[in-house]
Each structure stands twice: as structure tokens, then as C-alpha cells.
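Sequence lines set the chain letters: A, B, ... in the order given, protein chains first and strands last, and positions in each chain run from 1.
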Protein chains: 2
Amino acid sequence: MQMEPLAKSRTLADQAMDMLVEAILRGDLEPGERIAEATLARNLGISRGPLREAISRLEGKSLLVRKPHVGVSVASPSAGEIIEVFQMREVLEGLACRMAAKQMTGIELDRLERILGDHSTHSDLQDGRAYYQSSGDYDFHYQIIVASRSKRLIDTLLGDLYQFIRIFRYRASAKPGRAQQAFREHMLILDALKARDPAAAEAAMRAHVARATETLRIALQEHRDPRDEHRASA
Amino acid sequence: MQMEPLAKSRTLADQAMDMLVEAILRGDLEPGERIAEATLARNLGISRGPLREAISRLEGKSLLVRKPHVGVSVASPSAGEIIEVFQMREVLEGLACRMAAKQMTGIELDRLERILGDHSTHSDLQDGRAYYQSSGDYDFHYQIIVASRSKRLIDTLLGDLYQFIRIFRYRASAKPGRAQQAFREHMLILDALKARDPAAAEAAMRAHVARATETLRIALQEHRDPRDEHRASA
DNA sequence: GTCGTGTCAACTGTTGACAGTAATTTTGAT
DNA sequence: ATCAAAATTACTGTCAACAGTTGACACGAC
């Protein structure tokens, strides 16, 4: 019999990293907020070494930024940078969807259809906003991304990029009616996948994410970020 | 009078990181090779702390991989993973090219045209292979990526992804005649950019990178990687 | 009152030593 | 000779203390 070690030899730095990401996601650490190493390490019951290591790794993923001899702080991307990330997500998820169309199994397609079926009967959908911006939308995209079978793509979209996006609660900025529209777009994507039409699947996914980006852009313009002023005007 | 700080407060960890990347690019550290922290730190004249920090950052960028309690080693992606990165590059550079088409200045277009002009008269081009796989091709893509004005896109394509790709010298695997074809493809891209046609520019760039990927795929099949066997067969 | 300078405290950057784990070698039995 | 188990070794993971830099504050000159 062969089994995985229960605790995968998780090092303190690993735990500290997870804990940091959690804290940022939960909102305990706000974007731009500085992190005092010594204090945080004491609170976690570890020394500064492993904590610094966790910080360095997140720094490599641009979730944290460090100013030499000053300190690390949670990344605080401007509205423009968030849009940039969404644009990248558009083409990358398009790619994932194209690949998924080629190699998705029947079982995976069924699962996707079932997820969408659950959505349609879910009460939140009728209500409007919340659902698509929380787990429902996530599940749909998640399944497709995993179906791409591309290790790097999965890591990027489900790991780095997704966490980066999730930090900033701009999900809340969905417009009323966006949920229903998104649901219809999901249907179109599913159709293309079932038809095993890579080009159509990619186009449908790109259109879907592009619309979400557009909605986001409008929402962001309402609470402007001064850092974007200098490059607007075009 | 305004001036840059002389030495940008570069920390030992920063220098160690650059040094590591350099060493990997130069080939001093081969893919899969393990890194002995203590030894390397001594050779660099620093202690293990900053070195570990540099390692952690590169770990976050998946240039190095760490196995707990065993050690770090240079990432050694399988042929399949390299193809995956190229596929991501295809859509991301396509995006960059689309954005560049919208906002490139006349000066930038001139510079690009000049680069291409240099290429056409460059002796290596007539010879065949080497040129496009070295700095020439890089310059062309570099200019377009920068012209996208997207901070994240530039970081990803010119930083993380590019270094990752560069580590593995599969550039050498270009086929004879590929250089001339690539040159023609560059011309098409430039045409679309000059016409300020975003869709055409994106399509042209995607086609260009897709062809390079295909060439690479063929070259990689010759020296197979055993790790890809299980997922082949399709 | 404003500007510039000097001092100070708090924090980060770095170090060397210790503890713990995984691989290797050695030893012993079959 | 082959294999298994135990001891050794070499490395990583972790810690606590030291050194250096930064930004703030107070003081003094203009």
C-alpha cells in the first residue's frame, strides 16, 4: 500500500506563505499595507527566517513588493494594472478553452453541464449579482482551465493570477443583470466545447472575459485611482 | 538637476538573484542540477541567508524548484511543458501586438522598421539559422512588447517567461530556412502595425509564434523526453 | 516661520550556529 | 553474495543576535 504523507513535510515557510495569502484574501492585510516582519513573526510563533522566505516567494509572484531597507507591503495595483491582468486573463483563458475543446472527456463535459444546470436553478441567479462573482462562476472557469491539461496554464490562471485578482474585491462591482448575461455566455461556451470546436470555444471564452473586463473597467472609473491619471487622456 | 541614485541600494539578495539567473543563462548551472546552498554561498562570499532569499524569489517564478529537506534544483521542464510555455507566449504576444497596434507612436514604428531593415541586409540572414534565434529576433519582439505599454505584460513576457524560455537552448533547434520565413512573418506583422489594425496585428503575431512553436515541437521530438511518454499517444 | 542639520530609534539586511531530516554507507544476518 | 537494518554524514530548516540603513524628530541657523 502506498500513501501520501499526511502533512507533506510542510515547512514553516510553506505554512507562513499560505497564511499570508489567506490573510490577504480575508482582508486582514489590505493592499498597500506594510508588513512588520518582527511583529508578524512573533504573532505566528516563528522566527523571521521562514517568514522572510515566504515573503520572498510571494514577492517573486508580485503579490508583495519590497522596497530595500524600508519593508514589504501588499501589492496595491492601480486600476490600470488590474485591467492589464484581466486582459491577460482573457487571452490565457481563451487558450485554455481552446485546448479544453480538443481534449475534454465526456465525463468532464457532463460535469460542466451539471454545474451550469445547478446555476440555472440557483436562487441567487434570479436575484442578480452575487452568485456569478463568487464560487459559481469560479467553478465553471475552474473546470475548463483544468481540462486544458496544461500544467503551466493551470498554475498561472488558478494560482498566481487568480490570487492576484482575488485580492482586490472588485468582484463586488458587478452590475445588476450581469449575472444573467454571464450565464448566457457560459452556455455559449459550453455549446462550443460540446461541439469540440476549438476556435469557437476560444472566441466564446474571450468574449466572455472581455465583457467582464469591460464591466470592471466601468466600475473602476467610478472610484478612480490617482496613479492612472498621467496615462489617461488617450 | 535630477539624478538617479548611484547604487540603487542593491541588497546582497538582489545581487545573488541576478547572479543565479546569469549562471543559469550562461549554462554554468544546468537544468535539473542541484544547488548546494552552503557551497554556493561560500563561493559568492555571502552567507546562506541572502542566498536563500534569492532562491525563494526565483522559486516563486518557477525558475527553481525546491523539494523540502532535499534541496533546490534548476527547473527542468519536460518538452511538453516547454511547448506549453510557448503556447502561452503565443497568445500573450498576440495581445501585446494588438495593444501595440493601437498605441504605437510614429517613432516606435520607425525604429521597428529600421530593425527589420538591418535584418534584411545582415549577412547571417542569408546564411540561414543563427540570426533569428539570437538577438535579432529578440529585438523585434522586444520593441513590440514594450510598445504594448502594459506593465504586467512586459514583466511577464520580457522577465519571467523569457528567462524561462531562454534557459533551455532550444533556440539552436531552428530549421534551415526558418530564418527567412520568420523574416517574412515579421514583415507581415509590421504591415499590420503600420496599418494600425489591431486584429490583423494580433493574428499575424500569433501565426508567427505558432509557427516557431511548431518548428520547436518537431525539433523536440527528435530528442525525446521520457517524462512526456505517458501523455503522448494522442 | 522656514529651511537645513544632526541625532536617534526602529526596522531591515546579514550572519553564524544549532536542530532535524533525508540520503548514504556500513554492518550484520541469511 | 544479497538484502535489511542501523549508524553516519551531509545537507536543509530554523533560530537568535549583530550590523547597517532609513525615516522621523528635535534642535538650531537664517
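Residues Arg34(A) and Val70(A) meet the side-chain proximity criterion, which asks for heavy atoms closer than 4.5 Å.
One interatomic measurement links the two molecules: CD1 of Ile55(A) to P of dT12(C), which rounds to 8 Å at whole-angstrom precision. Regarding Arg42(A), its CZ atom lies at a distance of 14 Å from the P atom of dC15(D), rounded to whole Å.
With respect to Arg217(A) and Glu214(A), a salt bridge is recorded, a charged nitrogen being found less than 4.0 Å from a carboxylate O. Using a 4.0 Å cut-off between charged nitrogen and carboxylate oxygen, Lys151(B) and Glu84(A) do not count as a salt-bridge pair. A salt bridge links Asp14(A) with Arg57(A): the closest approach of a Lys/Arg side-chain nitrogen to an acidic carboxylate oxygen falls below 4.0 angstrom.
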Within the sub-3.5 Å range, which N or O atoms of nucleotides 11-14 of chain D have a protein N or O partner, and how far apart are they?
unit_1  : atom_1 : unit_2   : atom_2 : d
dT12(D) : OP1    : Ile35(B) : O      : 3.1
dT12(D) : OP1    : Glu37(B) : N      : 3.3
dT12(D) : OP2    : Glu37(B) : N      : 3.4
dG13(D) : OP1    : His69(B) : N      : 3.3
dG13(D) : OP2    : Arg52(B) : NH1    : 2.9
dG13(D) : OP2    : Arg52(B) : NH2    : 3.2
dG13(D) : OP2    : Arg66(B) : NE     : 3.3
dG13(D) : OP2    : Arg66(B) : NH2    : 3.1
dG13(D) : O3'    : Thr11(A) : OG1    : 3.0
dG13(D) : N7     : Arg48(B) : NH2    : 2.9
dG13(D) : O6     : Arg48(B) : NH1    : 3.0
dT14(D) : OP1    : Thr11(A) : OG1    : 3.0
dT14(D) : OP1    : Leu12(A) : N      : 2.6
dT14(D) : OP2    : Thr11(A) : OG1    : 2.6

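Residues Ala41(B) and Leu51(B) come closest through the heavy atom pair N-CD2, 3.7 Å.
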